[in-house]
Number of protein chains: 2
Amino acid sequence: MKIGELSQRTDTPVRMLRYYEEQGLIHSERLPNGYRSYEAYVVDRVRQVRGLLEVGLPTRIIKQILPCLDSSREIYLPYVTPDMIATLEHERDRMAEKIECLTKNHRAINDYLEAVSHEIRAS
Amino acid sequence: MKIGELSQRTDTPVRMLRYYEEQGLIHSERLPNGYRSYEAYVVDRVRQVRGLLEVGLPTRIIKQILPCLDSSREIYLPYVTPDMIATLEHERDRMAEKIECLTKNHRAINDYLEAVSHEIRAS
DNA sequence: TCAATGTGTGACATTAGTGTGAGGGTCAAG
DNA sequence: CTTGACCCTCACACTAATGTCACACATTGA
């Protein structure tokens with residue numbers, strides 16, 4: 001799949017796809033003519049990346065998290081440094097905090113909207 | 001409370017407190033000497049704001065969400081425009097998506113860390 | 001073959017949040 | 001009264017993500 005199709009399928013500007021590659025978040029082969037060529041799994045990968053960006057993670061961290069998401073359950077211990085583990089634990093905990101924050105605010109907005117709609121019906 | 005104390009209590013750089021005020025997210029009175037003076041509730045407000053910033057909401061949106069979080073349950077309908085409601089509904093839905101994304105990734109990281117720690121024990 | 005479309009690289013601009021420093025008042029403790 | 005800590009405003013810088021434009025080559029279809 002070439003970059004245009006990937007862009008469509010992930011609803012992501014071409015510019016960003018090249019940027020993510022530059023940041024080491026996705027990988028592409030090259031066709032003989034120099035065009036980027038992506039394997040199918042990259043579609044999901046891009047969606048993943050975008051999701052994480054949306055919730056405020058920088059590419060630097062996303063890059064470190066990605067290995068956790070590779071369904072291939074092979075873990076090469078030598079590459080898993082204690083430093084890496086610490087980062088992951090930290091990010092995991094931050095995620096938990098974020099989930100809590102979002103949940104709380106999500107509920108608040110919902111309650112508010114409900115109250116408003118009652119007001120409207122009453123008026 | 002002056003800005004220094006607020007800064008400490010919220011673990012937020014003074015610079016940012018002034019920025020949030022500029023963006024209309026928090027309010028301050030002024031002492032006779034020109035110093036900012038905050039009421040106690042602002043501490044929570046700042047924490048709220050920071051939480052929302054962390055999960056990727058821009059100040060523009062946060063400003064619109066804040067009224068939902070004022071526990072004073074007074075809703076002045078005339079100020080609640082349909083436009084405003086649409087925004088809130090949209091943000092609420094986006095939050096739900098984010099929660100889902102975070103939850104999924106949080107679990108993935110956790111699973112990974114667990115797998116790693118098993119590997120380590122086995123080696 | 002020509003035009004339109006897709007792709008490549010590179011450079012510059014923009015936006016938001018944040019850092020940092022200059023220059024100048026306030027105030028309390030020594 | 002002076003020193004040090006705190007506050008003020010203003011301005012410039014930085015980073016990350018993203019937009020945009022210029023210019024060149026590739027591909028494809030009329």
Side-chain angles (χ1 to χ4, degrees), chain A residues 1-39 42-43 45-66 87 91 94 97-98 101-102 105, chain B residues 1-39 42-43 45-66 87 91 94 97-98 101:
Chain A
M1 154 180 22
K2 284 178 295 181
I3 203 169
E5 187 182 343
L6 181 59
S7 168
Q8 275 185 242
R9 306 233 311 229
T10 59
D11 195 33
T12 303
V14 166
R15 169 74 171 84
M16 286 300 99
L17 295 174
R18 297 199 264 247
Y19 176 68
Y20 298 153
E21 178 172 335
E22 190 182 306
Q23 301 301 305
L25 305 183
I26 59 178
H27 173 74
S28 72
E29 307 291 322
R30 292 297 176 128
L31 299 175
N33 58 10
Y35 286 12
R36 268 164 265 250
S37 167
Y38 300 94
E39 304 192 18
V42 179
V43 172
R45 167 68 53 116
V46 170
R47 296 207 181 108
Q48 191 98 43
V49 165
R50 302 219 105 206
L52 291 171
L53 280 172
E54 291 247 308
V55 296
L57 280 84
T59 56
R60 191 187 80 254
I61 298 295
I62 296 177
K63 191 174 171 181
Q64 296 192 278
I65 288 179
L66 285 176
T87 300
E91 289 306 320
R94 282 177 61 76
E97 287 170 24
K98 288 181 179 187
C101 171
L102 277 169
N105 283 287
Chain B
M1 157 181 19
K2 283 179 295 180
I3 204 170
E5 188 183 343
L6 181 60
S7 167
Q8 273 185 243
R9 307 233 308 229
T10 59
D11 196 33
T12 303
V14 166
R15 168 75 171 86
M16 286 301 99
L17 295 174
R18 296 199 264 248
Y19 176 68
Y20 299 153
E21 178 173 335
E22 190 181 308
Q23 302 298 308
L25 305 183
I26 58 179
H27 173 73
S28 72
E29 307 290 323
R30 291 298 177 125
L31 299 175
N33 56 12
Y35 288 11
R36 267 165 265 251
S37 167
Y38 300 94
E39 303 192 19
V42 179
V43 173
R45 165 70 52 115
V46 170
R47 296 207 181 108
Q48 192 97 43
V49 166
R50 302 218 105 206
L52 291 171
L53 279 172
E54 291 246 309
V55 295
L57 281 84
T59 56
R60 191 186 81 254
I61 298 295
I62 296 178
K63 190 174 174 182
Q64 297 192 278
I65 288 178
L66 285 176
T87 301
E91 289 308 319
R94 281 177 62 77
E97 287 170 24
K98 288 181 178 185
C101 171

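All chains are named by letter (A, B, ...) in the order of the sequence lines, taking the proteins before the strands, and each is independently numbered beginning at 1.
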Side-chain touch B:Arg45/B:His27, heavy atoms, less than 4.5 angstrom: no
Under 3.5 Å: donor-acceptor pair, side chain of A:Lys2, backbone of A:Tyr35: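 Here the side-chain-to-backbone pair does not exist.
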I need the [atom1]-[atom2] distance between [X] and [N], as an integer number of Å.
X       : N      : atom1 : atom2 : result
A:Leu17 : D:dG19 : CG    : C1'   : 14 Å
B:Leu25 : C:dA16 : CG    : C1'   : 12 Å
B:Ile61 : C:dG17 : CD1   : P     : 11 Å

Nucleotides 5-17 of chain D: protein proximity per nucleotide (B base, S sugar-phosphate only, - neither; heavy atom, under 4.0 Å): -BSSB-B----SB
Which residues share a side chain to side chain contact (heavy atoms under 4.5 Å, CB included) with B:Glu21, sequence neighbours left out: B:Ile26, B:Ser28, B:Arg30, B:Arg36, B:Tyr38
Set of side chain to side chain contact (heavy atoms under 4.5 Å, CB included) partners for B:Thr59, sequence neighbours left out: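 For B:Thr59 the side chain to side chain contact (heavy atoms under 4.5 Å, CB included) partners, ignoring immediate neighbours, are B:Tyr19, B:Gln23, B:Leu25, B:Leu53.
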Over 12 non-hydrogen atoms of neighbours within 6.0 angstrom of CG in A:Asp11: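 12 or below, so no.
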